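Here's the structure, in structure tokens; my notes come after.
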Amino acid sequence: MKKILVYGIDEQRLGVISGIASNFCDEVHFVKNSELSERVIDILEKEADPKFSEQPLNELELCMFGGFDRESIFEFIDMMKETGIKRPVFATVTSNNLEWDFERVLVDVNQEHIEMQKMNATNAKK
């Protein structure tokens with residue numbers, strides 16, 4: 001089953017993501033703050049809750065693809081770019097992070113995103 005886990009994405013962008021996702025997956029689940037300590041695999045097995053309901057912790061955000069192949073992920077990202085909305089941080093469920101608690105994935109992926117932005121900014125100045 002293909003499923004997207006989202007966290008920290010505002011209601012407007014969540015609506016756009018849900019619209020695009022309807023072409024790609026079975027469900028979109030908005031991860032709640034109360035679920036941050038749960039394992040990714042356990043959240044994936046829950047019934048999806050696609051409703052925005054609370055403010056994220058520390059301004060972190062994530063759009064995590066479960067069960068997607070590489071081609072579908074890039075097609076999804078291309079469709080996101082076409083909308084012109086601010087792109088969220090993306091990740092994919094892997095055999096490595098499946099057992100991690102969601103907060104660990106959220107923090108790690110956002111930190112990697114910050115480091116990549118710094119590296120890209122440095123390379124752009126050269």
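Predicted model, so just to flag it, every value in this text is computed and none were measured. One is the number of the first residue; the rest follow in order along the sequence.
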Roughly how far, to the nearest 0.5 Å, is CD1 of Ile73 from CD of Glu71?
11.0 Å
Which residue pairs pass the salt bridge (Lys or Arg N to Asp or Glu O under 4.0 Å) test when at least one of the two sits in residues 14-29, sequence neighbours left out?
Lys3-Glu27
Are Leu98 and Leu5 linked, directly or through intermediate hydrophobic residues, by side-chain heavy-atom contacts shorter than 4.5 Å (ILVMFWY only)?
yes
Output, in order, the C-alpha distance, side-chain angles, deciding distance and verdict of side chain to side chain contact (heavy atoms under 4.5 Å, CB included) for Met79 and Thr83.
CA-CA 7 Å; Met79 290 180 79; Thr83 68; over 6 Å; no
Over all heavy atoms of both residues, which pair between Gly8 and Phe30 is shortest? Give the atoms and the distance, please.
N-CZ, 3.9 Å
Under the side chain to side chain contact (heavy atoms under 4.5 Å, CB included) test, which residues partner Asn110, sequence neighbours left out?
Leu60, Val89, Leu106
Shortest non-hydrogen contact between Val28 and Ala21, atoms and distance
CG2-CB, 3.6 Å
Sequence neighbours left out, what passes side chain to side chain contact (heavy atoms under 4.5 Å, CB included) with Glu35? Give chain and number order.
His29, Val31, Lys32, Glu38, Ile43, Lys46
If the condition is salt bridge (Lys or Arg N to Asp or Glu O under 4.0 Å), which residues does Asp42 pass it with, not counting sequence neighbours?
Arg39
Point-to-point distance, once rounded to the nearest 0.5 Å, from NZ of Lys2 to CG of Leu44:
14.5 Å
Calculate, to the nearest 0.5 Å, the distance between atoms CG and CD1 belonging to Asn97 and Ile41 respectively.
11.0 Å
Does a sphere of radius 6.0 Å around CD in Glu99 hold more than 12 heavy atoms from other residues, nucleotides or ligands, not counting ones at 6.0 Å or beyond?
yes
Sequence neighbours excluded, which residues qualify as salt bridge (Lys or Arg N to Asp or Glu O under 4.0 Å) partners of Glu115?
Lys118
Residues pairing under ring pair (Phe, Tyr, Trp, His ring centres under 6.0 Å) where one sits in residues 2-24, two or more places apart or in two chains, turn out to be Phe24-Phe76
Would you find a donor on one side and an acceptor on the other, under 3.5 Å apart, between the side chain of Arg13 and the backbone of Ile85?
no
How far does CE of Met80 sit from CD of Glu75, to the nearest 0.5 angstrom?
14.0 Å
Linking Ile, Leu, Val, Met, Phe, Trp and Tyr through side-chain heavy atoms less than 4.5 Å apart, which residues share a cluster with Met116?
Met119
Quick one: list whatever passes salt bridge (Lys or Arg N to Asp or Glu O under 4.0 Å) with Arg87, sequence neighbours left out.
none
Per the ring pair (Phe, Tyr, Trp, His ring centres under 6.0 Å) rule, what does the pair list look like for residues 84-109, sequence neighbours excluded?
Phe65-Phe90
Could you work out, with side-chain hydrogen bond (donor to acceptor under 3.5 Å, both in side chains) as the rule, every residue matching Ser72, not counting sequence neighbours?
Asp69
Apply side-chain hydrogen bond (donor to acceptor under 3.5 Å, both in side chains) to Gln117 and list each qualifying residue two or more places apart in sequence or on a separate chain.
His113
Please go through Ile114's hydrophobic cluster and name the other residues, only I, L, V, M, F, W, Y counting, with side-chain heavy atoms under 4.5 Å joining them.
none
Walk me through it: do Val40 and Met64 pass the test side chain to side chain contact (heavy atoms under 4.5 Å, CB included)?
CA-CA 10 Å; Val40 170; Met64 187 173 197; 4.2 Å; yes
Steps toward side chain to side chain contact (heavy atoms under 4.5 Å, CB included) verdict (Ile17, Ile20)
CA-CA 5 Å; Ile17 289 169; Ile20 295 169; 5.9 Å; no
